[in-house]
Asker: 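Before anything else, here's the structure in question.
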There are 2 protein chains.
Amino acid sequence: MTYTYEVLCEKLLAKDYKLTPQRETILRAFTEHGDSHLSAEDVYHLVKSKSPEIGLATVYRTVDLFAELGILQKMDFGDGRSRYEFTKQEEHHHHHLICINCHKVQEFDDDLLETLEAMIARKNSFKIVDHDLKFYGICLSCQEQT
Amino acid sequence: MTYTYEVLCEKLLAKDYKLTPQRETILRAFTEHGDSHLSAEDVYHLVKSKSPEIGLATVYRTVDLFAELGILQKMDFGDGRSRYEFTKQEEHHHHHLICINCHKVQEFDDDLLETLEAMIARKNSFKIVDHDLKFYGICLSCQEQT
DNA sequence: TTTCATGCAAAGGTTTTGCATACGC
DNA sequence: GCGTATGCAAAACCTTTGCATGAAA
């Protein structure tokens with residue numbers, strides 16, 4: 001899923017936020033690197049080349065805003081910094097396989113977790129609104145290297 | 001699962017680490033608060049009352065060491081600090097239900113995830129060694145408060 | 001022209017590190 | 001005694017915040 005300029009514009013104005021060049025630039029950084037899970041620092045360096053005057057604080061404020069608007073999803077891979085990617089629009093969430101050797105992160109879809117979630121919710125009287133599933137292990141290319 | 005003094009001693013000496021009063025005290029903090037998910041700061045304050053001379057850096061170094069030895073498991077609930085609990089020895093991992101209202105963390109066991117894990121591993125040619133599943137939602141008492 | 005966004009620098013919170021001293025083995 | 005562990009303080013790191021300026025509506 002890639003968010004366009006128009007979608008951003010619409011979402012911003014709906015909440016009386018302004019459409020600034022910085023916000024547009026940061027959105028583009030994500031459309032051009034849709035497959036990575038960018039940290040604020042990553043975004044900062046990506047946009048710095050095109051807009052050298054941009055500040056790191058603006059990047060932090062902007063990715064926070066985008067997350068609030070539902071454009072980005074904040075995630076944590078345990079490396080001490082938050083990472084962001086476009087919110088997936090499909091019915092089923094996707095999750096992450098994190099290689100403990102090369103630290104590459106790949107995605108996978110799951111259908112089964114929905115069933116699991118319903119059972120957990122019932123057994124624990126817990127009203128689930130979101131979930132986060134990560135598998136740690138060795139990716140295929142690291143397996144082949146040995 | 002609770003680790004005893006003897007187990008700690010054995011695990012430490014096996015790797016030429018020393019058994020110090022600080023390490024013993026920190027272990028006891030976990031045995032006496034086995035149900036909580038303690039942050040380094042939590043541990044620091046717990047042990048400070050009995051051993052006022054202990055340093056925060058020692059707590060950090062010790063929980064890291066215990067995690068390396070497999071005694072503690074480091075976990076992240078997205079609140080900006082790492083938390084630790086005794087490594088569960090059972091065959092099935094347990095996971096967490098995190099209330100987004102009162103931030104209480106409760107545990108649940110799962111049997112289904114094992115099946116899911118096997119399927120994911122096969123479909124993605126990924127050798128899974130660990131997993132981490134979190135559900136975010138509203139706990140029972142918060143549901144009843146409304 | 002009003003209000004929100006920005007950039008900069010400083011502060012905040014968690015975790016790590018350097019170093020002299022103390023202590024387990 | 002040798003080598004690791006400790007305590008303290010400082011630094012490192014990511015992130016947030018205060019404030020004056022600048023720009024969008």
Side-chain angles (χ1 to χ4, degrees), chain A residues 5-6 8-27 29 37-69 71-72 74-84, chain B residues 5-6 8-29 37-69 71-72 74-84 103:
Chain A
Y5 175 87
E6 287 75 23
L8 175 65
C9 190
E10 181 191 328
K11 280 184 182 271
L12 285 175
L13 299 185
K15 294 202 176 178
D16 280 331
Y17 293 119
K18 292 173 182 169
L19 184 64
T20 65
Q22 289 90 337
R23 288 175 178 169
E24 202 185 328
T25 306
I26 289 170
L27 181 79
H37 309 93
L38 303 175
S39 68
E41 195 88 20
D42 291 339
V43 175
Y44 180 61
H45 286 113
L46 284 173
V47 301
K48 195 83 182 174
S49 52
K50 286 198 175 179
S51 316
E53 76 293 347
I54 206 165
L56 181 57
T58 299
V59 174
Y60 274 100
R61 284 186 281 233
T62 303
V63 291
D64 259 22
L65 175 65
F66 285 3
E68 181 202 319
L69 294 176
I71 295 174
L72 292 179
K74 188 175 185 172
M75 49 194 64
D76 181 358
F77 295 143
D79 62 345
R81 74 210 65 192
S82 294
R83 297 184 170 275
Y84 298 83
Chain B
Y5 175 87
E6 286 76 24
L8 175 65
C9 191
E10 182 190 326
K11 282 187 181 266
L12 284 175
L13 298 184
K15 293 202 175 180
D16 280 332
Y17 292 119
K18 293 174 180 169
L19 184 65
T20 65
Q22 290 89 338
R23 288 175 177 169
E24 201 185 328
T25 305
I26 290 170
L27 181 78
R28 189 155 42 237
H37 308 94
L38 303 175
S39 68
E41 195 87 18
D42 291 339
V43 175
Y44 180 60
H45 286 113
L46 284 172
V47 301
K48 195 82 181 175
S49 53
K50 285 199 175 176
S51 316
E53 77 292 346
I54 207 164
L56 180 56
T58 300
V59 175
Y60 273 101
R61 284 186 281 234
T62 303
V63 291
D64 258 22
L65 176 66
F66 285 3
E68 180 203 319
L69 294 175
I71 295 174
L72 292 180
K74 188 176 185 172
M75 50 195 65
D76 182 358
F77 294 142
D79 62 345
R81 76 210 66 187
S82 294
R83 298 184 170 275
Y84 299 83
H103 302 102

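Order of the sequence lines sets the chain letters (A, B, ...), proteins ahead of strands, with each chain counted from 1.
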Asker: Would you indicate whether the side-chain heavy atoms of A:T20 and A:L12 approach each other to under 4.5 Å?
Answerer: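 A:L12 vs A:T20: side chains apart.
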Asker: So, is B:R23 near the phosphate of D:dA5, with a side-chain N or O under 4.0 Å from OP1 or OP2?
Answerer: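 Indeed, a polar side-chain atom of B:R23 lies that close.
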Asker: Please state how far atom CD1 in A:I54 lies from atom P in D:dT21, giving the value in whole angstrom units.
Answerer: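 So the two atoms are 21 Å apart, to the nearest Å.
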Asker: Let me know the distance between CG of A:D16 and C1' of C:dA5, rounded to the nearest Å.
Answerer: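 For the pair A:D16 CG and C:dA5 C1', the rounded distance is 14 Å.
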Asker: Quickly, which of A:D64, A:V59, A:T58 forms a side-chain contact (heavy atoms from CB on, under 4.5 Å) with A:T62? Name it, please.
Answerer: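 Output: one option passes, namely A:T58.
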Asker: Go through it in stages, so that I can follow the logic: the residues are A:R23 and A:F66, the test is side-chain contact (heavy atoms from CB on, under 4.5 Å), and I'd like the CA-CA distance, side-chain angles, deciding distance and then a yes or no.
Answerer: CA-CA 9 Å; A:R23 288 175 178 169; A:F66 285 3; 4.2 Å; yes
Asker: I need the single residue from B:L46, B:L8, B:V47 that forms a side-chain contact (heavy atoms from CB on, under 4.5 Å) with B:I26. Which is it?
Answerer: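 The side-chain contact (heavy atoms from CB on, under 4.5 Å) with B:I26 is passed solely by B:V47 among B:L46, B:L8, B:V47.
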Asker: Could you state the interatomic distance from CG (B:D76) to NE2 (B:H37), rounded to the nearest 0.5 Å?
Answerer: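 That separation rounds to 12.5 Å.
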Asker: Give the nucleotide from the list C:dC25, C:dT6, C:dT14 with an atom nearest to the side chain of B:L19.
Answerer: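 Output: C:dC25.
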Asker: Is B:Y60 near enough to C:dT16 that one of its side-chain N or O atoms lies under 4.0 angstrom from OP1 or OP2?
Answerer: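 Answer is no, no contact under 4.0 Å.
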Asker: B:E53 has an atom CD; how far is it from atom P of C:dT21, in whole Å?
Answerer: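 Rounded to the whole Å, the gap is 19 Å.
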Asker: Map B:L56 and A:P21 onto DNA chain C by nearest heavy atom, then report which one ends up closer to the 5' terminus.
Answerer: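 Going by which nucleotide is closer to the 5' end, it is A:P21.
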Asker: Check this one for me: any side-chain N or O of B:Q22 less than 4.0 Å away from OP1 or OP2 of D:dG7?
Answerer: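 Indeed, a polar side-chain atom of B:Q22 lies that close.
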Asker: Between C:dT15, D:dT17, D:dT6, which one does the side chain of B:A40 approach most closely?
Answerer: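 Selected nucleotide (nearest to the side chain): C:dT15.
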Asker: Please figure out whether B:S39 or B:L13 has its closest DNA chain C nucleotide nearer the 5' end.
Answerer: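 The answer here is B:S39.
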Asker: Considering only C:dT14, C:dT6, C:dG24, which nucleotide approaches the side chain of B:T20 most closely?
Answerer: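 Given the options C:dT14, C:dT6, C:dG24, the side chain of B:T20 is closest to C:dG24.
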Asker: Taking OH from A:Y17 and P from C:dA5, how many angstroms apart are they, rounded to a whole number?
Answerer: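 Whole-Å distance recorded here is 7 Å.
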Asker: Whole-Å distance between D:dA24 P and A:L65 CG?
Answerer: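 About 16 Å, once rounded to whole Å.
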Asker: Tell me the interatomic distance from A:Y84, atom OH, to D:dT15, atom P, rounded to whole angstroms.
Answerer: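 Roughly 7 Å, once rounded to whole Å.
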Asker: Taking any heavy-atom pair under 4.0 Å as a contact, classify A:S82: base, sugar-phosphate, or nothing.
Answerer: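 Since only primed, P, OP1 and OP2 atoms lie under 4.0 Å of A:S82, the category is sugar-phosphate.
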Asker: Output the rounded distance in Å from CG (B:L12) to P (D:dT4).
Answerer: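 Answer to the nearest Å: 14 Å.
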Asker: May I have the distance from A:E24 (atom CD) to C:dT6 (atom P), rounded to whole angstrom?
Answerer: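 Computing the A:E24:CD to C:dT6:P distance gives 12 Å.
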Asker: Which nucleotide sits closest to the side chain of B:K18: D:dT15, C:dC25, C:dT6?
Answerer: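 Selected nucleotide (nearest to the side chain): C:dC25.
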Asker: Please state whether the phosphate of C:dA5, meaning OP1 or OP2, lies under 4.0 angstrom from any side-chain nitrogen or oxygen of A:T58.
Answerer: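 Negative; the distance criterion is not met.
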Asker: Of the candidate nucleotides C:dT6, D:dT15, D:dT6, which contains the atom at the shortest distance from the side chain of B:R61?
Answerer: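 Shortest atom-to-atom distance from the side chain points to D:dT6.
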